[in-house]
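This report refers to the structure that appears directly beneath it.
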Amino acid sequence: MKTTKELLNLCDQIAGITILELANSLKITPPRSLNNNKGWIGQLLEQHLGASGGNLPIVDFPNLGIELKTIPINPRTLQPLESTFICTAPFNQPGIGWEQSIVKLKLSNVLWVPIESVNNLDLINRRIGKAFLWQPNHDQLTILQQDWQELTEMLQFGNIQLLSAKYGQYLQIRPKAANCKDNLANYITSNGESIKTVPRGFYFRTSFTKSILSNFFIC
DNA sequence: CTCTGATCATTT
DNA sequence: AAATGATCAGAG
């Protein structure tokens, strides 16, 4: 992908078509449901749009500085149905500031692709919505930084046991793993004790993405 | 209905 | 083991 305009044009071309139509054009067979492959739609869009970030801790379109996020919405209310994963929350990595953080990198320039999604709508019949590019405004950025500071301090000061999803106004930290029994990561607590705990990730709260989307749809 | 904790697949 | 792509499902 050479330019942002080219990327947005590609998005416009698939706005309104169904998941099945896009999958067919890419010769991909959709799973029966997302139950056993929750990130499948995101990967479908990555492939179509030519995202190249892979699973490195960088944005999806490195040369454009754009992060791709599909977001499930209720087609009637146009409101998001889920929170949005941003990136892994790093354990025991003191000294990283907001400006250098992966969170800031990822949320600075996001290409949101709404996907029609309600429980009773088959995966293949869900339609792809009109994508739009978003950057946080000054006020949003202030809160996001505050949230990041608060959450990161709890992580770095060894207080992960106290850290739950209730902290943060726009951001939150929640488990991010295949399950909470295997795939445990090492964490050093404030006592200097090494424990195994479930990996965590930063997420946008649904209430925040609601305001992002409603601002866009009003414009 | 909203929110939090739990979970699934894949790649490097 | 840790990063990516997220949604599920029960609790409140």
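These numbers were taken from a predicted model, which means no experiment stands behind them. Throughout, a chain's letter reflects where its sequence line sits, starting with A, and its residues are numbered from 1.
- Within the structure, every side-chain polar atom (N or O) of A:Lys176 is placed at least 4.0 Å from both OP1 and OP2 of C:dA2.
- Each of A:Tyr203 and A:Gln93 has a nearest nucleotide on DNA chain C; the 5'-most of these lies closest to A:Gln93.
- Judged by distance alone with a 3.5 Å cut-off, no donor-acceptor contact links the side chain of A:Asn179 to the base of B:dT7.
- In this structure, A:Gly42 reaches the sugar-phosphate backbone alone: every heavy-atom distance under 4.0 Å involves primed, P, OP1 or OP2 atoms, never a base.
- Residue A:Lys106 contributes atom NZ, which lies 10 Å from atom C1' of C:dG5 at whole-angstrom precision.
- Judged by a 6.0 Å distance limit and a 45° cone about the ring axis, A:Lys196 is not positioned over the six-membered ring of A:Tyr187.
- For A:Glu82 against C:dC8, a side-chain-to-base donor-acceptor contact under 3.5 Å is present.
- In terms of phosphate contacts, A:Gln172 brings no side-chain nitrogen or oxygen within less than 4.0 Å of OP1 or OP2 of B:dC3.
- Atom CG of A:Asn74 and atom C1' of C:dT7 are 16 Å apart (whole Å).
- For the pair A:Arg200 and B:dG5, the criterion of a side-chain N or O lying under 4.0 Å from OP1 or OP2 is not met.
- Checking B:dA6, B:dC8, C:dG5 against every side-chain atom of A:Cys180, the shortest atom distance belongs to B:dA6.
- A:Gln149 places a side-chain heavy atom less than 4.5 Å from the side chain of A:Trp98.
- Looking only at atom types and distance, the side chain of A:Asn109 has a donor-acceptor partner in the side chain of A:Gln135 under 3.5 Å away.
- Atom-to-atom, CZ of A:Arg205 to P of B:dT4 comes out at 5 Å; the value is rounded to the nearest Å.
- Residue A:Ala177 is in base contact, counting any heavy-atom pair closer than 4.0 Å across all strands shown.
- Spacing between atom CG of A:Asp60 and atom P of C:dA3 amounts to 16 Å, rounded to whole angstrom units.
- Between the P atom of B:dA9 and the CD1 atom of A:Ile28 lies a distance of 18 Å, rounded to the nearest Å.
- Computed from coordinates, the A:Lys181 NZ to B:dC8 P distance equals 9 Å when rounded to whole Å.
- Tracing side-chain contacts under 4.5 Å through hydrophobic residues (I, L, V, M, F, W, Y), one reaches A:Val113 starting from A:Leu133; they form part of the same cluster.
- With B:dT4, C:dG5, C:dA2 as the candidates, the nucleotide lying closest to the side chain of A:Arg174 is B:dT4.
- In the set C:dG5, B:dT11, B:dT7, the nucleotide with an atom closest to the side chain of A:Asn55 is B:dT11.
- If A:Ala165 and A:Gly39 are placed on DNA chain B by their nearest nucleotide, the residue sitting closer to the 5' end is A:Ala165.
- If you check every strand for non-hydrogen atoms under 4.0 Å, A:Ser164 touches sugar and phosphate atoms only.
- When the shell of 6.0 Å around CZ of A:Arg127 is examined, it contains 12 or fewer heavy atoms from other residues, nucleotides or ligands.
- In terms of phosphate contacts, A:Lys38 brings no side-chain nitrogen or oxygen within less than 4.0 Å of OP1 or OP2 of B:dT10.
- Contact annotation: A:Thr70 side-chain N/O to C:dA6 OP1/OP2 distance is under 4.0 Å.
- Using a 4.0 Å heavy-atom distance criterion, A:Pro199 is classed as making no nucleic acid contact.
- Counting any heavy atom pair closer than 4.0 Å across all strands shown, A:Pro57 reaches sugar-phosphate atoms only and no base atom.
- For the pair A:Asn37 CG and C:dC8 P, the computed distance is 12 Å after rounding to whole Å.
- Taking side-chain N and O atoms only, A:Lys210 has a distance below 4.0 Å to OP1 or OP2 of B:dT2.
- Using cut-offs of 30° and 60° for the angle between ring planes, the A:Phe204 and A:Trp112 rings count as tilted.
- C:dA6 atom P lies 11 Å from atom CG of A:Leu44, rounded to whole Å.
- A donor-acceptor pair shorter than 3.5 Å cannot be found between the side chains of A:Ser83 and A:Arg205.
- Backbone-only contact: A:Glu67 has heavy atoms under 4.0 Å from sugar-phosphate atoms and none from a base.
- Residue A:Asn35 places at least one side-chain N or O under 4.0 Å from the OP1 or OP2 atom of C:dA9.
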